[in-house]
Amino acid sequence: MQQVIFKRPESFTDAFTHYCPGCGHGIIHRLVANAIDDLQLREKVIGVGPVGCSAMIYDYLDVDFQQAAHGRAPAVATGIKRVLPDNIVFTYQGDGDLAAIGTSEIIHAAARGENITVIFVNNAIFGMTGGQMAPTTLIGQKTQTSPYGRDTTKQGYPLRVSELLNTLEGVSYLARVSVHDAKNVLIAKKAIKRAFETQIAKKGFSLVEVLSICPTNWGMKPKAAIEWLEKEMVSYYPLQVFKDWR
Amino acid sequence: MMEKVLMKGTEAIGVGAIRSGCKIYCGYPITPQSELLAYLAKELPQIEGASFIQSESEIAAINMIYGAAGTGARAMTSSSSPGISLKQEGISYIAGAELPCVIINASRGGPGLGSIQPAQSDYFQATKGGGHGDYRMIVLAPKSVQEMYDYTFVAFDLADKYRTPVMLMCDGALSQLMEPVVLSDTKVVQYEKNWATTGAKGRKPVLVSSLRIEPAELEEHVDHLFEKYAEIMKNEVRYESVCNEKTEYVVVAYGIMARIAQTAISKLRQEGIEIGLIRPITLWPFPQQAFAELSDKVKLFITLELNKGQMVEDVRLAVNGKKEVTFYGRCGGMLPTPDEIAEVIKSKISGVKKCNK
Ligand SMILES: Cc1ncc(C[n+]2csc(CCOP(=O)(O)OP(=O)(O)O)c2C)c(N)n1
Ligand code: SF4
């Protein structure tokens with residue numbers, strides 16, 4: 001007897017993604033689709049896409065979407081959620097989008113305890129524009145705009161967004177996860193689901209920071225990139241649940 | 001029911017917005033329009049399903065409006081010149097994504113932090129596209145507290161009708177003015193919004209976006225926008241003309257400057273000068289047709305503005321070299337008196353007479 005043991009989540013379209021081989025975005029999209037399916041949210045969800053490699057996330061998730069200006073997704077999501085408090089609103093943002101140009105919007109949405117969910121993809125680089133330094137780029141990491149390696153005397157220190165947001169009362173669920181191996185993918189899947197549950201329960205702001213790889217702009221093969229993430233990124237950005245309202 | 005009440009310009013906009021069915025207001029304080037925030041902070045939360053948000057910046061405010069408008073709700077933001085500059089990115093996205101919204105500019109002196117006094121120096125920014133890309137925005141310029149109330153309805157209606165941002169351009173003087181207003185019961189037309197993101201229930205997902213990554217697709221999209229703008233130019237031009245068969249000289253002015261000019265004009269008419277006024281109400285689309293016939297008949301156009309000469313360029317385009325178009329302006333927040341304006345008009349007129357001799 002044949003049995004289906006692995007299938008595409010219903011909220012996931014059958015479009016081919018435009019991501020580079022090994023890119024983390026595809027996996028993370030899938031986890032978002034899983035959460036939407038598991039919680040039966042497909043007809044209620046309104047996603048807000050960023051500017052970055054994942055700008056066209058709306059091609060891959062079969063739900064209503066708004067495409068926001070660079071960094072402004074939390075403000076756009078705020079506008080949507082205030083008008084439609086019973087819908088489920090999430091943003092999906094990279095670390096250039098959220099931690100550089102959109103720092104103000106994310107901090108204030110969190111501080112207001114805006115009842116939205118944020119999926120924050122930290123790949124320590126600006127992917128779309130060709131690999132420039134991000135606020136999250138690690139010390140010593142070489143990028144197009146830190147060709148000698150990030151030098152703290154000139155380029156300062158990497159921003160730990162989750163630790164920063166952890167100081168805010170408005171935040172109800174906050175976790176940092178990674179997608180570098182199967183075990184961590186499962187943990188990430190649970191965290192993303194939990195973040196959506198936070199919103200359903202109207203508990204306020206939820207954010208999941210997902211450490212991800214950008215083999216193309218890191219100049220590594222996917223396997224080496226995964227190893228680099230596990231070794232270098234996880235030690236600077238420890239994986240943990242910072243807050244859970246339960 | 002027609003109530004007549006005394007109110008401030010900012011409040012008239014607030015009342016007009018609520019009666020137009022505005023569901024969400026997002027803004028950041030700045031003089032001279034902070035009273036509008038205060039008014040809506042008090043009133044909107046009293047209305048079922050309506051929200052007021054004091055945002056962290058004007059950038060956040062306009063993007064909240066983007067999100068809210070994308071759900072089909074009537075949405076409004078307001079600011080004054082420096083804050084309107086910050087909203088330009090969002091206005092461009094809103095125009096690109098074809099979202100309806102209303103933006104109030106109680107404009108003040110610039111550039112930079114400038115002054116908090118009334119000015120009209122944001123005319124170029126509003127009418128020529130302050131943000132990036134090929135787009136247009138409807139710009140309405142009321143001249144009284146009554147019109148601030150009335151044109152708030154018009155602004156919301158045009159925004160929905162054409163899926164476009166609409167700016168209500170007033171200035172620091174109008175927003176602070178206290179005048180009697182007839183609160184007419186204007187009927188609000190409801191538009192169908194099947195493009196709005198409300199959750200894909202029983203239908204295919206919808207997308208609100210200004211992104212068209214393929215050049216051919218973007219060109220097609222911009223062509224579509226400009227077909228819409230052509231419709232607006234055809235249907236929505238509004239202006240007031242106080243000219244007649246005998247008019248020889250025409251003042252062109254809008255907003256508070258038109259009020260000052262009107263007083264000066266009444267005085268000059270009593271002195272026997274055949275002078276009229278054209279007051280553009282839509283700054284975009286600019287009322288070109290108002291000038292077509294007049295340009296053949298009159299002797300001189302005198303453009304008056306609270307800036308160093310911005311609308312005058314549109315007047316010159318409309319007059320198209322047929323007659324001389326002169327300009328006088330004050331800026332920095334300085335308001336001329338009607339007497340000053342009357343003197344200016346007289347000297348411009350005598351200048352033309354000399355030239356023609
Ligand atoms: C206002 C503005 N500034 C700059 C850009 C160019 N830009 C596009 S994506 C991007 C950074 C994307 O990096 P990130 O958010 O980390 O996402 P990733 O591509 O790595 O997924 C930048 C700077 C833009 N589109 N808009
Ligand atoms: S550039 Fe990096 S983030 Fe962008 S698709 Fe390629 S691997 Fe992914």
Side-chain angles (χ1 to χ4, degrees), chain A residues 10-11 13 18 36 40-52 54-89 91 101-112 114 116 128, chain B residues 22-26 28 44-45 49-75 77 86-94 96-97 99 101 131-132 195-213:
Chain A
E10 262 178 43
S11 313
T13 66
H18 67 286
I36 293 172
Q40 299 187 322
L41 299 176
R42 205 193 72 80
E43 296 183 335
K44 284 177 114 181
V45 163
I46 302 164
V48 183
V51 176
S54 54
M56 285 183 289
I57 180 172
Y58 51 75
D59 278 342
Y60 312 127
L61 293 182
D62 197 28
V63 299
D64 277 7
F65 250 99
Q66 292 198 20
Q67 207 287 315
H70 196 23
R72 318 297 178 215
V76 171
T78 297
I80 300 171
K81 187 71 183 184
R82 293 293 182 108
V83 176
L84 301 173
D86 296 326
N87 282 67
I88 298 300
V89 182
T91 73
I101 197 166
T103 324
S104 171
E105 284 77 12
I106 192 66
I107 289 182
H108 289 280
R112 283 192 302 269
E114 218 54 69
I116 59 171
M128 188 185 196
Chain B
C22 176
K23 279 283 170 301
I24 183 165
Y25 169 93
C26 312
Y28 185 85
L44 275 177
S51 305
F52 168 91
I53 308 178
Q54 178 172 335
S55 58
E56 61 270 29
S57 69
E58 288 86 350
I59 296 176
I62 192 75
N63 283 287
M64 289 171 182
I65 295 301
Y66 179 104
T71 69
R74 285 195 157 179
T77 183
L86 284 183
K87 290 186 199 291
Q88 295 303 327
E89 175 199 31
I91 294 174
S92 167
Y93 273 73
I94 286 170
L99 297 176
C101 76
H132 59 285
W195 45 265
T197 58
T198 52
K201 188 169 184 175
R203 59 158 169 78
K204 283 204 153 68
V206 293
L207 172 66
V208 165
S209 173
S210 61
L211 176 64
R212 305 286 187 281
I213 201 98

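Letters A, B, ... are given to chains in the order of the sequence lines, protein chains preceding strands, and every chain is numbered from 1.
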Most heavy-atom pairs under 4.5 Å with chain B, out of K44(A), E105(A), K81(A), belong to E105(A)
Between G202(B) and E43(A), which heavy-atom pair has the shortest distance, and what is it?
N-OE2, 4.0 Å
Can you give me the closest heavy-atom contact between G67(B) and I80(A), atom names plus distance?
O-CG1, 3.3 Å
Region of S51(B) that comes under 4.5 Å of a non-hydrogen atom in chain A
side chain
Working note: K201(B) + D64(A), criterion salt bridge (charged side-chain N to carboxylate O under 4.0 Å, His left out); need CA distance, chi angles, decisive distance, verdict.
CA-CA 9 Å; K201(B) 188 169 184 175; D64(A) 277 7; over 6 Å; no
Within 6.0 Å of OH in Y60(A), more than 12 heavy atoms from elsewhere
yes
Count the heavy-atom pairs under 4.5 Å between each of R112(A), H108(A), M56(A) and chain B, then report the option with the highest count.
H108(A)
Where on I24(B) is there a heavy atom nearer than 4.5 Å to chain A: the side chain, the backbone, both, or neither?
side chain
Go through the atoms of D62(A) and report whether side chain, backbone, both or neither lie under 4.5 Å from a heavy atom of chain B.
both
Let's go through Y58(A) and L211(B) carefully: what are the C-alpha distance in whole Å and the side-chain angles of both, what is the deciding distance for side chain to side chain contact (heavy atoms under 4.5 Å, CB included) to 0.1 Å, and is it a yes or a no?
CA-CA 11 Å; Y58(A) 51 75; L211(B) 176 64; 3.4 Å; yes
Flag the one option from L41(A), V51(A), T78(A), I46(A) with the top tally of heavy-atom pairs under 4.5 Å to chain B.
I46(A)
Donor-acceptor contact present, side-chain Y66(B) to main-chain Q67(A), <3.5 Å:
yes
Interchain contact, A196(B) with chain A, by part (heavy-atom threshold 4.5 Å)
backbone
Minimum heavy-atom separation for R42(A) and A200(B), please, with both atom names.
NH2-O, 3.6 Å
Side chain / backbone / both / neither for Y25(B) at chain A, heavy atoms under 4.5 Å
neither
Flag the pair R72(A) / E89(B) as yes when at least one side-chain heavy-atom distance between them is below 4.5 Å, and no otherwise.
yes
Side chain, backbone, both or neither: which part of A69(A) has a non-hydrogen atom closer than 4.5 Å to chain B?
both
